[in-house]
There are 2 protein chains.
Amino acid sequence: MFADRGYARAGVEEIAEVAGVAKHTVYNHLGDKENVFHAAMEATGNAVMAENVAAAEHLAMDGAADPDAVRSRLEDVANRLLVQCCDPRSWALRRLLNAESASFPDLLESVWGHGADRLRQTLADRMARLSLAGVLRTCDPVEAAEQFLALLTGPMEARSQFGTRPVPEAELRGVVNAAVSTFLRAFQSDHLSATASAAAS
Amino acid sequence: MFADRGYARAGVEEIAEVAGVAKHTVYNHLGDKENVFHAAMEATGNAVMAENVAAAEHLAMDGAADPDAVRSRLEDVANRLLVQCCDPRSWALRRLLNAESASFPDLLESVWGHGADRLRQTLADRMARLSLAGVLRTCDPVEAAEQFLALLTGPMEARSQFGTRPVPEAELRGVVNAAVSTFLRAFQSDHLSATASAAAS
DNA sequence: GCCAGTTTGCACCCGTGAGTGCAGTTGATT
DNA sequence: AATCAACTGCACTCACGGGTGCAAACTGGC
């Protein structure tokens, strides 16, 4: 409801109706429209973040020997992250967070607060391991994670028109490939990229 | 008003009061609250986009000979873009666009429509020139522009908490440096980056 | 000074939606 | 069977805000 109509346009009665419950019951449980909103946001936020972190955790370091494995590993994770990221729930969450963070200042921290941090930190941990294993050049892993995410979500935001347009699979794959290519060019350790380009030629 | 409170919470009477005009006059000129919103969004959108494009146009190709000049040139443009991007008006525009694009489907195209495209194309033009001049490796200039923007705006979104937190100058400078560094590692033509790393060592 | 068009202040209508009160129903426990 | 808690349906209050009508005040042009 909130996702479709926004906070103001979503009526408590409608919400109760959809939930298969009487309006009064909603007030009995949560007391307040603001509380209903907060609860819904928190639940959705936790769910989305858990999925995102789970996707990021697929970036393991086995088979780190050859560069092709690293690339396909990164592409896999990138794909998982983008699929999560393009989920309607995920878009709705970001939209609402963005829209209502001005009206409800505490919303950001309680919903997104450590969520975004956790995703970035999880990714940063994997980056650090890859860096230590000599696959990536030595760099600030947090910065690497941040830019990896930026290369994925940035282009998506523009292409999906803030989530209003469904993005075809092929385009999504293109964004993933472009992001991973750029990321590897910037962060792959020098001797590996040299052997990769030698193998390619 | 719309920026502070969102569409629903912004009252026409308040708007008129702030504008130093009677509510009736607003209705005489624009007829409708929806129209008021549309007009405000369009005006702000055009202004913001004009500034962004102007910032992007600072990426000229003179002094393209040595890599240091390219870096400082990119940093300059990146800084200009980020400053525009962090302007409260700019944040508010994106927030409202994001929030109300579900309720007003035509808003996106009429306000952001070719705006975002124009910025990306403008930047892509400069990228193409740099690529042709041998400063950047041969690549899809649109993709390069897209990722350059992503490397700038992506980290900003997270750090400024969707625009609710003011970002200190130093942090902004850090994002700019990191973005330009990553971009150059990924897109600088090979012989130039070789000479650059040789000069650094 | 006169007039047309615009602006203003004010009161008003009315739809909407948050939140409440109350009486009746259900359902589980003992 | 009795009880107690929660749930339901319904009517209701009340504040808010979009939009309108009207008479008075102002504006520039002749």
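Side chains are part of it too, since the values below use all heavy atoms of this structure and drop only hydrogens, waters and symmetry mates. Predicted model only: the values in this text are computed from it and were never measured. Chain identifiers are assigned alphabetically (A, B, ...) following the order of the sequence lines, protein sequences preceding nucleic acid strands; residue numbering begins at 1 within each chain.
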[X] [atom1] - [N] [atom2] separation (whole Å):
| X | N | atom1 | atom2 | answer |
| --- | --- | --- | --- | --- |
| A/Glu17 | C/dA18 | CD | P | 13 Å |
| A/Arg9 | C/dG15 | CZ | P | 18 Å |
| B/Leu30 | D/dG18 | CG | P | 14 Å |
| A/Ile15 | C/dG17 | CD1 | C1' | 12 Å |
| A/Phe37 | C/dA18 | CZ | C1' | 16 Å |
| B/Glu13 | D/dT20 | CD | P | 15 Å |
| B/Glu34 | D/dG17 | CD | C1' | 16 Å |

*Could you tell me whether B/Ala10 contacts a base, only the sugar-phosphate backbone, or nothing, with contacts defined as non-hydrogen atoms closer than 4.0 Å?*
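Sugar-phosphate contact only - B/Ala10 comes under 4.0 Å of backbone atoms but never of a base.
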[X] has a side chain; which of [options] sits nearest to it?
| X | options | result |
| --- | --- | --- |
| A/Tyr27 | D/dG18, D/dT8, C/dT20 | C/dT20 |
| A/Asn28 | C/dT20, D/dC7, D/dG18 | D/dC7 |
| B/Thr25 | D/dC7, D/dG19, C/dT7 | C/dT7 |
| B/Ala22 | C/dT8, D/dG18, C/dG19 | C/dT8 |

_Counting neighbours of CD on B/Glu14 that are heavy atoms of other residues, nucleotides or ligands and sit closer than 6.0 Å, is the number greater than 12?_
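For B/Glu14, atom CD is crowded (more than 12 foreign heavy atoms under 6.0 Å).
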_I'd like to know whether CZ of B/Arg5 has more than 12 heavy-atom contacts from other residues, nucleotides or ligands below 6.0 angstrom._
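Count not over threshold, so no.
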*asked:* Whether the side chain of A/Thr182 engages the backbone of A/Ala179 through a donor-acceptor N/O pair (distance < 3.5 Å, no angle test) should be reported.
replied: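 Here the side-chain-to-backbone pair does not exist.
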*asked:* For C/dT7 and B/His29 - does any side-chain N or O of the residue sit under 4.0 Å from the phosphate oxygens OP1/OP2?
replied: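 Indeed, a polar side-chain atom of B/His29 lies that close.
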*Determine the minimum heavy-atom distance between B/Val26 and B/Val12, stating which atoms define it.*
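Minimum heavy-atom separation between B/Val26 and B/Val12: CG1-CG1, 4.2 Å.
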Counting distance alone, no hydrogens or angles: does the base of [N] have a donor or acceptor under 3.5 Å from a partner atom on the side chain of [X]?
| X | N | value |
| --- | --- | --- |
| A/Lys23 | D/dG9 | no |
| A/Lys33 | C/dG17 | no |
| A/His24 | C/dG19 | no |

*Have B/Ser181 and B/Arg71 got a donor and an acceptor in their side chains that come within less than 3.5 Å?*
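Looking only at side-chain atoms, B/Arg71 and B/Ser181 do form a donor-acceptor pair, the distance falling under 3.5 Å.
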